[in-house]
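Everything on this sheet refers to the single structure shown next.
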Amino acid sequence: MKRNIIKKGLFVFAMGALTASCTGDLDVTPIDPNLDTPENLLTGTEAYNQQLAKCYSGLAVSSPDGDSGSPDIEGIDGGFGQYLRALYNVQELPTDEAVIGWNDQTLKDLHGLQWTSSDVFVSACYSRVFYQISICNEVMRRIDQSGSNDALMQQYRAEARALRGLSYLHAIDLFGNVPFTDETTEVGGSNPQQISRADLFAWLEKDMKECADQLPANPEKYRCGKGMAYMILAKLYLNAKVYTGQDKYKECADYCQKIIDLGYKLESATNWSKLFCADNDQFLGVGHELIFSVYQDHINTQAYGGTTYIINAMVGGKMSYADYGLGGNGWGGIRVTPQFVDKFDSADQRATFFTTGQDKEIKDISDFTSGYAFTKYTNLKANGTTIDGANSFPDTDFPMFRLGDVYLMLAECQVVGGIQCDGIARFNDIRERAGVAKIDNPTRANILDERARELAWECHRRTDLVRFGLLTSGDYLWSHKGMNSNVGTPHGVDAKYNLYPLASSDVISNPNLKQNTGY
C-alpha cells in the first residue's frame, strides 16, 4: 500500500486540470479550484480511492509528474511551494531551532521575523494549505454526489475529512482568520467568506469529533485513523488560549489519553533515532510510536520538499553525503542556533550535532560552517545500510504526529494547565529514553525546553514559542532573532509576527477578506 496509494493519486489526478487560476507571478487563487476529473472515471469505490490518494500525495509532492512536472498551483515554485517544505520554513526558520544560509528571495526574513504580506515563502505555505483543503473538499463532495452509503466509501470520506482537518489546523495556527470553504461550497461560485479564528476553532472541533467516530482505530499504513483525528483535537486544545482566549488543557489531556488508549507505544532508546531514518515506516501504526507520517520514496515522491529538503539542506561543509544515505552532495543550508545547542546535556542522545569544521556561534548566517549542523534525519536504513538505488530523494517519511509529542502535551497539561494526569511521569519517560536524568518537579520552562529537544525539526517550534509568549518577546533571544544581517544585537520584535499575514494576492482578489493586524 505504501507505494500504491501514492501512485494511484499521481495517475488519476494527472488526468485532470489541477492548477489554480493565476494572473501574475504570485497571484494565486487556491480556494476550491474546479478539479475537472472526468466523471466517467468514477465508476466504483476504487476510483474514489484513487481520488482520495491525491489528498495524501498532496502532502508529499507538488506535481503529479514528480520533481520535473508542472506544480499543482500555478505561480508558486514547485520546490519551496511543496507542502512540507513550506510548513518547515514557516514553523522552524523563525525560531531558535534553525537558520538557513541561502539568499533565495526573502528566505532570511523568516529567521529575522520581518516578513511582509507579499513574502513569497509565506504565500507559498498559504496557497498550499488552502489548495490541500480544496482537494479534500472535492473528494468529499464527489462521494456525497454519488449517493453511496457503502461503508468503504464513507471511510474514504472520513479520511479526506481528517486530512482537511490537518490543513485547517495549520490554517488556524499560522493565519488566524481565514477564508473558509467546505464540501458544501459551490465550486466556481462567489468568493469565500472569512471565518474568525474562534469560529474556525469551534467548527474544526465539531468536525474532528464527528470524523473520529467514522475512522478505524487501527488504520492501514499511511492512512488516517482515529489517532489522526484525536491528534488534531489535542493540538487544537493545546493551543486554545492562543486561538480563542480560553485554556482547554483538560480537553487536551483527555484526547492525549484517548490516543494512548488506542495502543500506540513509545519506542525504545535504541529505536529513537530510527524514527527518522529511511525505513521508519516500521515504527508506524498502533503498537508503535508514529501515529501519522507523510510518505516519502525515492521513486514515487520525487519532489524538492519534505525530507528531501530537510536532509539535503542539513548536509554541507565537511559532512560526507554518503554518511546520510544521499546519492550526491548536500545543499549546505540549514543549521541550528547556539541557544538551541545549549539546551542539551552531553549525555542526551538527541544532541545529534555535527561539529567538525563548524563554529557554534553564527557569525555569518550565509556561511554553512557558521552554526552547528543538526543530523536528526538520515536516508540510511535503521540497520545503517543504504537504500538500493539511493539518490538525493530520500525514503525517510516525515513524522507529522507521534506519541512522544502526546507524552509532552500531557506533561504541559499537568504542569502548566494544572490538570490531574500522569503527565510528569510521561515527561520523565521521554527524558529517560534520551539518557538524561529525571526532573521530579518540572517547570513551565522545562516543558518548553523538553519539547525543543524531543521534537526539533518536526514543525512544532514556532507554535510552541507563540503559546509560551516567547516568539516575538525580548524575554528569550537567539542568534539573529529580529534581524537578517550580520550586525546588531538579537532583539524582540513586533507582536504581529506571532501570526502570518494572509497572502496579499488573495486579499486583493477577495473583498471578503480582511488582512491580519499590522500587515
Lys/Arg-Asp/Glu bridge criterion (N-O < 4.0 Å) met for Glu210, Arg161
yes
For Arg335 and Thr369, indicate whether the former's side chain and the latter's backbone hold a donor-acceptor pair under 3.5 Å.
no
Answer yes when Arg462 and Glu97 have at least one side-chain N-carboxylate O distance shorter than 4.0 Å, and no when they do not.
no
Do the ring centers of Tyr131 and Tyr83 come within less than 6.0 Å of each other?
no
Sequence neighbours excluded - ring pair (Phe, Tyr, Trp, His ring centres under 6.0 Å) pairs with any residue from residues 429-464:
Tyr88-Trp457, Phe374-Trp457
Distance under 6.0 Å and angle within 45° of the ring axis: does Lys496 meet both against Tyr519?
yes
Is it true that atom CD of Glu432 has more than 12 heavy atoms of other residues, nucleotides or ligands lying nearer than 6.0 Å?
no
Hey, could you give me the CZ/CG distance between Arg164 and Asp182, rounded to the nearest 0.5 Å?
5.5 Å
Asp464/Arg467 ion pair, N-O < 4.0 Å:
yes
Ring-plane angle category for Tyr126 and Phe175, please: parallel below 30°, perpendicular beyond 60°, tilted otherwise.
perpendicular
Taking the basic N atoms (NZ, or NE/NH1/NH2) and the acidic carboxylate oxygens, is any pair closer than 4.0 Å for Glu450 and Lys343?
no
Aromatic ring pairing Phe340/Phe353, orientation class (parallel under 30°, perpendicular over 60°, tilted between):
perpendicular
Rounded to the nearest 0.5 Å, what's the gap from CG on Leu233 to CG on Leu204? Could you check?
7.0 Å
Test your reading of the model: is there a side-chain donor-acceptor pair from Asn177 to the backbone of Ser196, 3.5 Å cut-off?
no
Using the ring pair (Phe, Tyr, Trp, His ring centres under 6.0 Å) rule, collect all pairs that involve residues 406-444, keeping only residues at least two apart or in two chains.
none
Can you tell me how the ring of Tyr295 sits relative to the ring of Tyr222, calling it parallel under 30°, perpendicular over 60° and tilted otherwise?
perpendicular
Would you tabulate the side-chain donor-acceptor contacts of residues 253-260 under 3.5 Å, counting partners in other chains and residues two or more places apart, or write 'none'?
unit_1: Asp254; atom_1: OD1; unit_2: Lys250; atom_2: NZ; d: 3.0
unit_1: Asp254; atom_1: OD2; unit_2: Lys250; atom_2: NZ; d: 3.0
unit_1: Gln257; atom_1: NE2; unit_2: Asp261; atom_2: OD1; d: 2.9

Rounded to the nearest 0.5 Å, the OG1 atom of Thr337 sits from the CD atom of Glu361 at a distance of 9.5 Å
Look at the rings of His111 and His480 and say which category their plane angle falls in: under 30° parallel, 30 to 60° tilted, over 60° perpendicular.
tilted
Taking the six-membered ring for Trp and the full ring for Phe, Tyr or His, determine whether the centres of Phe201 and Trp203 are under 6.0 Å apart.
no
Quick one: is the NZ or CZ of Arg197 closer than 6.0 Å to the six-membered ring centre of Tyr243, and within 45° of its axis?
no
Between Asp173 and Lys235, is there a side-chain N and carboxylate O pair less than 4.0 Å apart?
no
